[in-house]
Amino acid sequence: MKDNSSLDLSHLTPPAQRLAHLQSPERITHIRAERWIGYPRAVEAVNRLETLYQWPAKQRMPNLLIIGTTNNGKSMIVEKFRRQHLPSSSPDAEHIPVLCVQMPSEPSILRFHIALLAAMGAPLRSRQPIAILEQQALSLMRRIGVKMLVIDELHNMLAGNSNSRREFLNLLRFLGNELRIPLVGVGTRDAYLAIRSDDQLENRFEPLILPLWQVDKDTCSLLASFVAAFPLRRPSNIATDDMARYLLARCEGTIGELALLLTKAAIAGIETGEEAINQRTLALADYAGPSERRRKFERELN
């Protein structure tokens, strides 16, 4: 086995330095693992969620709407916050302080209540009236101590007809008033358009927008954070404006695509012996951006 004890790993974080001594397969597994990068906008979002979580119960609770394009870090922020308030259990009861549910792709009040009950692990009986399911969901949410309800993919609400959308908007108001907990909606710009159609809800939901990444110091800092966390044995000098411009053009500005591109380049760095993310490993990375993937799919259809 090669002696790596003399490697200069000062470009890595202490945990990544320890991992850099491992064999290639173990390092690749680590690189592929999901990781939290605390860039400023994400930290702000988590702090805003924490503020809401600590809010004292009252009739008109403040809510939050996290808006961003697909694959731009919304779900990672919610998961980071949820992990700070994990469920717990005792012999007498289960406690789920942050309940996360996804708006059904074909929205209906019935399916939403079923999704709520499923998220709480409740046994489901078929063909129950909506009123019964609603009361079961409310009763169980109170019993397990839900302090915040997070509704992901909120923009799916627009997939229903106008009556369905109005029912959902009324339901959101009802849940907030009845449970006296903050609601957090997560979705694309369409989620904001849906909420904006109701004056009362628009006043209660404060939007927090996750914009596409631009060439600036925040992006360079993000790139530096990624490469410091990857257990590569040589420095990756990509935290520059020129490299940020190249990477953002290739991944089209979302953090999810950027993370995927950097992950595949880092793996190429290990497999080729380059041990860094550079022009060669970026060229060798098995990655195609969203538009390129769509064009390839359309060519294969024709």
Side-chain angles (χ1 to χ4, degrees), residues 1-43 45-46 68 70-87 98 100 152 210 213 218-240 243-244 246-248 250-290 292-293:
M1 181 183 298
K2 184 178 178 181
D3 182 14
N4 296 316
S5 59
S6 61
L7 288 172
D8 179 8
L9 302 174
S10 57
H11 57 285
L12 300 178
T13 63
Q17 289 179 22
R18 293 189 290 271
L19 291 165
H21 292 286
L22 300 176
Q23 296 300 302
S24 295
E26 296 168 290
R27 291 191 290 144
I28 288 173
T29 296
H30 173 77
I31 287 171
R32 285 177 174 150
E34 192 172 70
R35 62 180 42 78
W36 166 257
I37 301 291
Y39 58 92
R41 195 65 167 165
V43 173
V46 172
T70 299
N71 211 8
N72 205 27
K74 302 183 298 297
S75 296
M76 183 67 77
I77 289 168
V78 169
E79 180 61 14
K80 170 67 174 178
F81 177 75
R82 189 193 69 82
R83 289 177 181 175
Q84 294 176 186
H85 302 281
L86 289 171
V98 177
C100 300
D152 201 1
L210 302 176
W213 290 79
D218 285 344
T219 299
C220 290
S221 176
L222 177 71
L223 294 174
S225 297
F226 268 109
V227 299
F230 288 146
L232 297 172
R233 294 168 182 170
R234 297 192 184 101
S236 300
N237 300 313
I238 64 171
T240 66
M243 188 60 78
Y246 165 78
L247 292 169
L248 292 178
R250 195 167 167 189
C251 71
E252 301 180 24
T254 66
I255 191 172
E257 291 290 334
L258 178 62
L260 180 59
L261 172 55
L262 294 177
T263 293
K264 294 194 172 186
I267 292 171
I270 291 177
E271 292 176 341
T272 61
E274 289 279 326
E275 289 293 341
I277 298 174
N278 54 33
Q279 288 289 1
R280 179 168 183 249
T281 56
L282 284 165
L284 291 172
D286 180 22
Y287 173 82
E292 187 178 348
R293 294 197 297 267

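- Atom CG of Leu261 and atom CZ of Phe226 lie 10.0 Å apart (nearest 0.5 Å).
- Within the 4.5 Å cutoff, the side chain of Val98 has heavy atoms near those of the Cys100 side chain.
- A side-chain donor-acceptor contact under 3.5 Å links Asn278 and Thr281.
- Between the OG atom of Ser24 and the CD1 atom of Ile267 there is a distance of 11.0 Å, given to the nearest 0.5 Å.
- Classification of Glu274 and Arg280 as a salt-bridged pair holds, one side-chain N sitting under 4.0 Å from a carboxylate O.
- Ring orientation note: the planes of Trp36 and Tyr39 are close to parallel, at an angle under 30° on the 30°/60° scale.
- Atom-to-atom distance recorded for Arg82:CZ and Glu79:CD is 4.0 Å, nearest 0.5 angstrom.
- Atom CG of Leu223 sits about 10.5 Å away from atom CD1 of Ile37, to the nearest 0.5 Å.
- Just one of Leu22, Ile28, Ile31 meets the side chain to side chain contact (heavy atoms under 4.5 Å, CB included) condition when paired with Pro231; it is Ile31.
- Annotation for Phe81 and Val46: closest pair CD1-O, 4.1 Å, computed over non-hydrogen atoms.
- Side-chain contact between Arg293 and Tyr287 is present, with heavy atoms from C-beta onward closer than 4.5 Å.
- Here the closest non-hydrogen pair linking Thr70 and Thr254 is O-CG2, 3.8 Å.
- Contact of the Leu258 side chain with the Trp213 side chain is not registered, since no non-hydrogen atoms from C-beta on lie closer than 4.5 Å.
- Here CD of Glu252 is found 7.5 Å from CD of Glu257. Values are rounded to the nearest 0.5 Å.
- Using modelled atom types, no side-chain atom of His21 and backbone atom of Leu7 make a donor-acceptor pair closer than 3.5 Å.
- Residues satisfying the salt bridge (charged side-chain N to carboxylate O under 4.0 Å, His left out) test with Arg32, not counting sequence neighbours, are none.
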### Task
Check the pair Arg83, Glu34 against salt bridge (charged side-chain N to carboxylate O under 4.0 Å, His left out), reporting the backbone distance first and the verdict last.
CA-CA 14 Å; Arg83 289 177 181 175; Glu34 192 172 70; 3.8 Å; yes

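- Put simply, OG on Ser236 and CG on Leu262 are 9.0 Å apart, with the number rounded to the nearest 0.5 Å.
- A heavy-atom distance below 4.5 Å is found between the side chains of Thr240 and Met243.
- With salt bridges taken as basic N to acidic carboxylate O contacts below 4.0 Å, none links Arg27 and Glu271.
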